[in-house]
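Notes to accompany the following structure.
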Amino acid sequence: MRLYDTAVRAVRDFVPRVPGQVGIYLCGLTVQAGPHIGHLRSAVNYDVLRRWFLHRGYAVTFVRNITDIDDKVLAKATAAGRPYWSIAYANEILLAADYRRLGVLPPTYEPRATGHVPEMHALIAELIAAGHAYPAADGSGDVYFDVRSFPAYGDLSGQRPEDMRGTPDGPARAKRDAHDFALWKGVKPDEPGDAYWTSPWGPGRPGWHIECSAMARRYLGAEFDIHGGGLDLTFPHHENEIAQSRAAGLPFARYWVHHALLNLGEAKMSKSLGNVVDLEYVASLGVRSAELRYYLAAPHYRSRIDYSDDALREAAVAYQRLENFVHRAAERVGPGAPGELPADFVAAMEDDLNTSAALAVVHESLRTGNSALAAADDATLRAALAAVRGMLDILGVDPLAAPWHDGSTGGDLRGVVDALVALALEQRAQARSRKDWAAADAVRDQLKQAGVVVEDTAHGPRWTVGEQ
RNA sequence: GGUGGGGUGGCCGAGAGGCGAGGCAACGGCCUGCAAAGCCGUGAACGCGGGUUCAAAUCCCGUCCCCACCUCCA
């Protein structure tokens, strides 16, 4: 397996810290609002990475955090007159629902920042003791990381502090250097009164970055394999995480994986710009969540996606072709199970998770399968179906997998409808044998009006209910 | 100002010195009573200008445009 490592700006071989195991920490969301599809892209990308490791036989520990306290959450709480935690939690529920709808596997653990204040305190104390952090001298209760005490600061993002613009309007207050960042933020009078914890440095709340260093350490250890997140987190968030952890003597992440962002209208999708597409909007286009997942997983994870309704609809059509084959093949030879993966698919995935090249292999197998279907070559068909399902399963879009086909497909009425349709089809078959095309087509048209679509195949008529 | 990544056929999207990924759309054919689905085939691309090379989408130089980050960000 080869992965692009931001720290060295090159694709390199993945060597796990412990053979057969991989620990991944992914920066999840700040739950200040519901998720948009850019956030979901992040989840899908790492879900595919995770599934690939699982497929390769690794024991995967996958930790994705929830940042449930920050300036925006507090501001919203104040504006709404509600506790900050009720806002964070409401958004966390929305997020979980969207993950589920997209078939994202639940993480091994999903820690919340506010649940790990003691771990943060411990780390901050270590940093102060080691001379890498200092309580502000202005009585604010803030604790800052001393950037100049850590020479490697800037290595991840390739920047030198002296070249940076620096904080234009930030409260320099008691910072020793404009680039120092807060580990702990002292109470401010204009913020909610229930958003604080006591600490050796006075009442306050966590700075943004410290939570990830503290939680990664707790659940993955001092050193772990992969740290992931969006490209926009490279600086300052990940740079600061490295600084905090390494300065405290923790080796921290061995590989840094960053996915590209999803843009809408020439700018990255973000709440503050208001250019946001969420699952509700996608549903309003008639695009299902499996189709959205296909859209998000098809381009390489390091390529920017310029969102458009048309591109999404096009992806939906492409996915329907795959789905169509899987359903038809399963009707013919049974669903079987996801099977052996073609070598080209494996090679593509091993090469920095090239899902786009991998999908080309899926389509090749699809063609083989469709030909076998037409030729009633069941052995070839079975093999093609297993291969296609196996590959789609890695991408998390196997049409026969649980997330996509449960719910509302008729339930108890399926048998009843089956019998009724069979009756109608028998009439149509008789009409066709008389070459009474008008009568045969009338049956088909009436069924269609009732939502039943009839197609003739090499193995006789096939019917499906609505949907496509 | 600093740092990183881009511009590929009508559209989406891989590739990173030589065999034209793949998908969507279009066109032609096959299959079909018709349809649907499918199969076979066709055309078409590397922002622009130079250069290196037997050979450049890929390397070099220049140039234009775009995106992300430089302390809210997936």
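Note: hydrogens, waters and symmetry copies are ignored here, and every other heavy atom, side chains too, is used. Chain letters run A, B, ... following the sequence lines, proteins first, then strands; residues in each count from 1.
With hydrogens and angles ignored, no donor-acceptor pair under 3.5 angstrom links the side chain of A:E162 to the base of B:rG2.
Counting only heavy atoms from C-beta on, A:H209 has its side chain closest to B:rU71 among B:rC39, B:rC69, B:rU71. Among the nucleotides B:rG38, B:rC66, B:rA21, the one closest to the side chain of A:S356 is B:rA21. For A:D441, counting side-chain heavy atoms from C-beta on, the closest listed nucleotide (B:rG33, B:rC70, B:rG15) is B:rG33. Between B:rG2, B:rA74, B:rG22, one nucleotide has an atom nearer to the side chain of A:D232 than all others, and that is B:rA74. When the nucleotides B:rA37, B:rG22, B:rU71 are ranked by their closest atom to the side chain of A:E455, B:rA37 comes out on top. Of the listed nucleotides (B:rA37, B:rC67, B:rU71), B:rC67 has the atom at the smallest distance from the side chain of A:N263. Distance from the side chain of A:R444 is smallest for B:rC34 among the nucleotides B:rC34, B:rA14, B:rG4. The side chain of A:A318 has B:rG23 as its nearest neighbour among B:rG23, B:rA74, B:rU71. Of the listed nucleotides (B:rA21, B:rG23, B:rA14), B:rA21 has the atom at the smallest distance from the side chain of A:A360. Of the candidate nucleotides B:rG33, B:rA25, B:rG38, B:rG33 has the atom lying nearest to any side-chain atom of A:R432.
Spacing of P atoms, B:rG6 relative to B:rA14, comes out at 11 Å, to the nearest Å. The C1' atoms of B:rA16 and B:rU3 are separated by 23 Å, rounded to the nearest whole Å. A gap of 24 Å separates the P atoms of B:rU32 and B:rC24, to the nearest Å.
Counting only heavy atoms from C-beta outward, the side chains of A:L381 and A:T368 never approach each other to under 4.5 Å. With contacts defined as side-chain heavy-atom distances shorter than 4.5 Å, the pair A:F62/A:R64 qualifies. Annotation: side chain of A:L233 is not in contact with side chain of A:F235 (no heavy-atom distance under 4.5 Å).
Residue contacts for A:T6: at a heavy-atom cut-off of 4.0 Å it reaches no nucleic acid atom on any strand shown. Residue contacts for A:A298: at a heavy-atom cut-off of 4.0 Å it reaches no nucleic acid atom on any strand shown. Residue A:N45 is classed as having no contact, given no heavy-atom separation below 4.0 Å to the nucleic acid. Counting any heavy atom pair closer than 4.0 Å across all strands shown, A:T234 reaches no nucleic acid atom. Within the nucleic acid shown, A:G158 comes within 4.0 Å of sugar-phosphate atoms alone, with no base atom in reach, counting heavy atoms only.
With rounding to whole Å, A:D456 atom CG is found 12 Å from B:rU32 atom P. Here the P atom of nucleotide B:rG22 and the CZ atom of A:R321 are 12 Å apart, to the nearest Å. With rounding to whole Å, A:D309 atom CG is found 17 Å from B:rC11 atom P. The separation between A:R428 atom CZ and B:rG33 atom C1' is 10 Å, rounded to whole Å. In this structure, the CZ atom of A:F235 is 14 Å from the C1' atom of B:rC72, given to the nearest Å. Computed from coordinates, the A:L447 CG to B:rC34 P distance equals 21 Å when rounded to whole Å. In this structure, the CD1 atom of A:I305 is 15 Å from the C1' atom of B:rA68, given to the nearest Å. We find that CG of A:L262 is positioned 14 Å from P of B:rC12, with the value rounded to whole Å.
Between A:R2 and A:D352 there is no salt bridge, since none of the side-chain N atoms of the basic residue sits less than 4.0 Å from a carboxylate O of the acidic one. A salt bridge links A:R428 with A:D456: the distance from a Lys NZ or Arg NE/NH1/NH2 to an Asp or Glu carboxylate oxygen falls below 4.0 Å. With respect to A:E211 and A:R112, no salt bridge is recorded, no charged nitrogen being found less than 4.0 Å from a carboxylate O.
Base pairing of B:rG1 is made with B:rC70, judged by Watson-Crick or G-U wobble geometry with both donor-acceptor distances under 3.5 Å.
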